[in-house]
Amino acid sequence: MTETAPSPLISLRDLQVTFGLIPEPVVKSFDLDIARGEVVALVGESGSGKSVTAKSIMRLVEFSGARIASGEAWLYDNHGGRTDLFRLNQNEMRSIRGSRISMIFQDPMTSLNPVLTIGFQLREAVLRHATMSKADADRICLEALRQVRISEPEQRLKQYPHELSGGMRQRVMIAMALALKPDLLIADEPTTALDVTVQAEILALLKTIQRETGMSVLFITHDMGVVAEIADRVVVMLRGDRVETGDVRTIFEAPTHDYTRALLAAAPKLGAGADAAPAFEPVTDDAPVLEVDSLVVRYPVRKGLLQRVAANVHAVEDVSFKVHRRETLAIVGESGCGKSTTAKALMNLIEPTSGAIRLHGRDIASLTAAQMMAARADIQMIFQDPYASLNPRMTVEQIIAEPLEIHQRGDAASRRAQVTELIERVGLPIAAAKRYPHNFSGGQRQRICIARALALRPSVIIADEPVSALDVSIQAQILALIEEIQRDFDVGILFISHDMAVVEKVSDRIAVMHLGEIVEIGPRDAVLRDPRHAYTRQLLDAVPVAHPALRKARQMEARAMMSPIRPLGADHPTSPMREVSHQHFVRADA
Amino acid sequence: MASYLVRRLIGVIPVLFMVSLMVFALTQLAPGDPVSMLVSDEASPEDRQKIVEAWGLDRPAPVQYLSFLKNAVLGDFGSSFRYREPVMDLVLARLPASIELAVYATLLAVIIGIPLGVLSAARPNSLLDNAGSLVGFFGVSMPNFWFGILLILVFAGVFNVLPSGGREPWGMDLPSITGFLTIDALIQGRFDVLWTALRHLALPAIVLGTSMTGIIMQLTRATVAEALREDYVMTARAKGLSERLVLWRHAFRNALVAVVTIIGLEFGALISGAIIVETVFSWPGIGMLLIQSITFRDYPLIVGLVLIYTTLFVLVNVAIDILYTIIDPRIRMK
């Protein structure tokens, strides 16, 4: 099954990893071969053991309470010799880590030490493995930063991680891993925590550097779209076992295992849902349930002894849209574009600087406290992280019943009946009622969140990135559920997301946000098939391809981060919206 | 940064005002009066009345407070009833002794508590960790006065190796420069005085530092253990760094903010918490002065001392805030 490539770099044989006292191994007699210059994707969902496998090669898994119970990991050198990494002690292993095998991790926001400068952290990696002067080490660090195409590398050395964006930090991580020209780079979900456009840049960068240096890459991901972009060969992992392996084309064209097929089907593909008409027609002729009119939210930036307002963060600028019953309006944009701020303003969690928010035609700013309380029942929210948005000390029943209690709907018996109905409606077993959130998986938790949002029968639900914390295979189920409940409960949905492929599946209309403004808004097909604004095209272009044959040359330069901070008195240079086709509006600066 | 400091220091003024008002009100409400405490029983009612008038106690309370305030703004906190000396002179003469004691106690706690905490975090459930927990537990739960008396009995009584109390024997004859005995001795090259001063400091500093050692140890252990689970620690290990560097440079550096916070809070508490220890060891600091001033209803001295405590506490907190910015670049003074 595993053909040994002409020049092997690493051969993993019969790897078994156990955690603590649990006898059942999390990785079971796993084999993996990586040849020199090869990019191998290790694919599987959360908990399949792919990260554990990678950390076993680095022998890092031992620091998190796991044990390599058996197996061999042969690392080949240039002269035909080989070493079993599992026979080395930690001290010998340390001279291999960071020099012959490097690793980058999922979350660049937490993987760099926040209190040390970028330069220090880079230099430290270099000096660990090579005896040289500080100046020579700095030269190597600069070269590495240039290799990952970071602008102004000299400046970056003096900066701290928090001064860089997520994409920049991942570039620094890559530079750190590549500084000593390792033979193998292990990339553990390196783009999962990044915006799609940044993901596209990082993937392009990794591909280019791999080609330039000829190193091998073990790329761990749950996303077949990413696999299509980067891999030569694919190993599919399920519950600690290898279920399928083959070259990337074979895997995409003729998958043999059901699980591989399921992964492929779940991968977000742009264009897949475009032919399908919406399952039902949104009601757009009557009055909108939610209307946002020229919403502006600005935060002051204060400076100096007297804390005078020195500038404003223009978080949301002149945003207008309508949501009708049964309609899904998607707001798409990257981190910091103002989409979450818009949601907060809608929930009345922050006060808008100007503009109006009308729920059923009534401006929420004009409501009395009692009226506001009633209005809150009508607009509910589903949050991004189902692990953080459920109180771990409440049972599912208490969680779902809480909004009913707060708004004094019905008596205890009728509430219980409603909760039972909702639990069934979102596809959970009745027995779930008495359990606590930690008993449930991410997808199930998001179902609980949906049930909670439905409890008060709202007319609008704001779903803020409701699937971005979930595995792709689970995403599809949750998206289907959201569509079902929309039909059954007659709600308008404001769906906030950074992922065009997800948005395509659920939305009726799409609004693209950039730097606080809506740059393009219109019916789904019009926006996706005939994007008029440059930024919309950029977002669409960043979605991973559906098949390895469709790989395209992408830009790998980091785009400069544009800042929404503007001097006092500066009115946002908003150009007017122009209608390009029926109901399809574009900012005129396009 | 400079503007931050100025604002913080200006912010102290209303705090001091509120504290002075509260302390003044409390002295008025408390039973007893300074005249009956400080004047001989044989004094005639006329003489007593003269003293009451001299101290200004015959005036209505608000008038007394306003006149105190007016003088205080000009730097005059009045004179002690008992010592007949300006309050500030009395306080400033004794303040260095208290600060010196608190500093040595803190040093002791930091030197023992931090390494013990870091190493315990690195090897959970090891012998060292268990021993550390015991030390921590002991430190936190030990009553000061009991531990102090115990040490006096053992080291001054049974073995007679350390003095039982006081700051220095009579006749050391060292001109005061800073007021801190150990520093003065060092500056003037008087190593005999330095040695004596350290011997006098040993027991009270140990007693005062023990509970702080326990707290610092336990907090360091918890925060370093937490930092060791962070992603950047994995990154550091993936670079091939030694465990020593991972532990101290990466994990401990990040735990430092929490550790410094607790050191600051504890140091503030030490200055005031030293009241008991100063009494047990007859340490001539402001703690002892405060006890005496309360006993004798020496109103001006009480108010002056409480204001000094408040100021010290606030200053320590400002210093900690400044340290934050050095330790953690993400924290900026606004």
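Residue numbers begin at 1 in each chain, while the letters A, B, ... track the order of the sequences.
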Interatomic distance, M58(A) atom CE to M234(B) atom CE [nearest 0.5 angstrom]: 9.5 Å
From L116(A) atom CG to R249(B) atom CZ, the distance as rounded to the nearest 0.5 Å: 8.0 Å
Structural part of R229(B) lying under 4.5 Å from a heavy atom of chain A: neither
Engaged part of I327(B) at the chain A interface, taking heavy atoms whose separation is under 4.5 Å: backbone
Test side chain to side chain contact (heavy atoms under 4.5 Å, CB included) applied to R94(A) and L241(B), step by step: CA-CA 7 Å; R94(A) 273 194 276 275; L241(B) 294 186; 5.9 Å; no
Verdict with reasoning, R330(B) to Y160(A), per side chain to side chain contact (heavy atoms under 4.5 Å, CB included): CA-CA 8 Å; R330(B) 286 169 297 179; Y160(A) 287 94; over 6 Å; no
Should the heavy atoms of other residues, nucleotides or ligands under 6.0 Å from [atom1] of [X] be counted, would the total exceed 12?
X	atom1	value
M22(B)	CE	no
L127(B)	CG	no
Y387(A)	OH	yes

Heavy-atom check, side chain of H250(B) versus side chain of E124(A), under 4.5 Å: yes
Is [X] close to chain B through its backbone or its side chain, or both, or neither, when contacts mean heavy atoms under 4.5 Å?
X	answer
M93(A)	neither
Q106(A)	neither
L112(A)	backbone
Q121(A)	both
M109(A)	neither

For A238(B) against M103(A), the heavy-atom pair lying closest together: CB-CB, 4.3 Å
Heavy-atom pairs under 4.5 Å with chain B, option from A125(A), P114(A), G98(A), P161(A) with the top count: P114(A)
Check: S111(A) main-chain N/O paired with T235(B) side-chain donor or acceptor under 3.5 Å: yes
Under 3.5 Å: donor-acceptor pair, side chain of R97(A), backbone of K239(B): no
